[in-house]
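Some notes on the structure that comes next.
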Amino acid sequence: MKSFIKLFETNFKTTFREKSVIFWSILFPVILTVIFLSIFSGQNDSSSFEADIAVIHAENTVLPPLNEAINSISAFKKVESTSDLTEEEAEQWIVDQKIEAAIILPTEENSNVRIIMNLEDEDSMTAQIIYGILNQVVGEINNPTQPTDTTIEETYVSSGESDLSYTDVLITGFIALSIAQGGLFGMVSIVEMRRTGLLKRLKMTPMSLTMYSLSNLLVRFILSTIQIVLLALIGIFFYGVQFDIHLLSLIPIFIVGTVSFVAIGFLVAAITSSIDAYMGIANILSFVMMFLSGVFFSYSMMPSYLRPISDVLPLTYFVNGIRDSMLYGMGIFNADFWLNTGVLLAWMVVTFVIALKFFRWNTPENR
Amino acid sequence: MGILEVNNLKKSFGAIHAVKDISFSVEVGEIFTIIGPNGAGKTTTLEMIEGLQKPDFGTVEIKDLEWKKHEKKIKQMIGIQPQSSALFDLLTVYENLDVFSSFYEKKRPIEEILHLINLQDHRKQKVKALSGGQKQRLTIGLAMVNDPDLIFLDEPTTGLDPQARMNVWDIILSFKKMGKTIILTTHYMEEASKLSDRVCIVDQGKIIAIDTPKNLINQLTHERKIQLLMNEEITDYITPMINHLKEHESITEVQHQEHLFTITSTHPDESLYHILHYTRANNLSIEQVSIDELDLEDVFITYTGKEWRD
């Protein structure tokens, strides 16, 4: 037991004193997640949204409250000296991308508010947001019982609900992906220890290999826990992800998933003899799984000819298991849970057995 | 019965017979050195003794225990310093000693080891910040954490500067004083001569010589080369001098190059007397005289036919 504690300390220190481990296992997944979430679900984040606009007929409009309301929206950055801007000039500005939209206020009763935007932006988020905000503002104005206040912006934020599900899908995908990559890339330390002869040196001592492996696994669990907690917190606090976590199913899938990918990493370490070879194979596996295991989109969106591949990849089941237990609150009494854990268990056992068969304590050169 | 008994070890890798038939016995308290050219089977032999490789044939007994039946017991009793500085680079000196120490039942206090390998002041330093010599001393220290009776040191001074090498020699000699038995391999003849009680020369998978350094040298031919550098006045006397010298039974060959004579002799002392007698009688003066010393390197060259590389 004392040996286990010392080995755990050793593994812990060697892992956390390595700056690249901190970067790749903790910082990198966070950065990646934030980047992806910002790209694909920017609609939710209207506080950071800004559009340069011009308001035409601001002085002579029949609806001064509307003009005031537009002025009060911080997301709309009004370009200076636009008071005597004509429609034609505004159009030219849009073409030149000097501004993103021009809002033309009505000068007669019962005429419409018009908005001019760049055709190239038609499908973009910018267009949708500007339109959305404006629509909201007009709605508020038409309802005289409701004062037009700063509430407008808030109203819009909650109207982005339709995008939330994709944020959820992404963040749970990233949780699974980063845990998987942690195991897949983490076993490179074995290759390094074999290269320096440390592995062989340890074999000369009465050290128990089981103790060593278990202590190493414990450190991997700590890293995985940091990843899942950190990414979940980022999801909750910055992207408003609504988790529905079922711990009874999450814990088994988390454990089996972590160990499975450690086993796969171990297999890669067993069949390679250089760090370059290890990283090459780990990168290929990581890339294939990243795109074919439904990290970025759910399985149902996958083209049918790719499904047979994703059907065998372990990350597919890990991603599903994490989503089931973290988003959909599914417990252990359903077929999916057993399928996910079962497939991951199978991967774990098979890769581990093969890895043991190929495992070498030393490189052929320093025999 | 020695502390280590090696009997008829054989090991092949495919068609290559790395170790053909090696037997020896090491006594308690000895420093036993194995030398040999690269590819001689040194490392394979050592690894079979250390339990890292299984011999195809033959036995290894450490304190009467065999690897097959008593692996755990043997591992507890021996200490190994491998060639590569296999250390946890991100751990400190103390942490390395501490974790290795945790594997063993019997322990030597870490403070004592730090003192022994003279790394007290570096205990909190990470291994990657150590110099080559300090790393080497730490790997030797790791071989001592279980206070073993039998210690294997595989080329402990390779790549070290002379000062660092001397430090390691001191450590090895202090182990000997503690009554430890040491199996050493080295690339340095001087090291082998200075430290070893016995030297075992291995070539092509076989032991070709095994004895104390002194005996090995004495077993060599007694022929020595005497070099004489004569004064210029010798010019007229060259031929008569050569003829005269050749008359003596101990002198087998005389060569000269201007004023430098190289005389091969089976009994250098008698030859020298003969030479000096002649020069005195003819009033010739000698500027320099030297007799070559034989050392372990000559033993090695004689036995293996190979140059020693340093």
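In what follows, every chain begins at residue 1, and chains take the letters A, B, ... in the order their sequences are listed.
In this structure, the separation between CG on A:Asn11 and CZ on B:Phe88 is 7.0 Å, given to the nearest 0.5 Å. Here the straight-line distance linking atom CD of B:Gln81 with atom CZ of A:Arg201 works out to 8.5 Å at 0.5 Å rounding. Distance NZ/A:Lys13 to OG1/B:Thr92: 6.5 Å, rounded to 0.5 Å. Note: A:Glu192 CD to B:Asp89 CG = 7.5 Å, rounded to the nearest 0.5 Å. Summarising the geometry, atom CG belonging to B:Asp98 is positioned 4.0 Å from atom NZ belonging to A:Lys6; distances are rounded to the nearest 0.5 Å.
With a 4.5 angstrom heavy-atom cutoff, B:Glu50 touches chain A only via side-chain atoms. Contact of B:Ile74 with chain A is not made at all, since no heavy-atom distance falls under 4.5 Å. With a 4.5 angstrom heavy-atom cutoff, B:Leu87 touches chain A only via backbone atoms.
Of the possible polar contacts, none joining the B:Lys75 side chain to the A:Met207 backbone as a donor-acceptor pair under 3.5 Å is found. In this structure, the side chain of A:Arg17 engages the main chain of B:Leu90 through a donor-acceptor pair within 3.5 Å.
Shortest non-hydrogen contact noted between A:Ser3 and B:Phe103 is OG-CD2, 3.8 Å.
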Discussion item. What verdict does the side chain to side chain contact (heavy atoms under 4.5 Å, CB included) test give for B:Glu47 and A:Lys200, after you've listed the backbone C-alpha separation in whole Å, the side-chain angles of each residue and the deciding distance to 0.1 Å?
Written reply: CA-CA 11 Å; B:Glu47 290 198 344; A:Lys200 192 166 104 179; 2.7 Å; yes

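Residues satisfying the side chain to side chain contact (heavy atoms under 4.5 Å, CB included) test with A:Ser325, not counting sequence neighbours, are A:Ser249, A:Leu250, A:Ile253.
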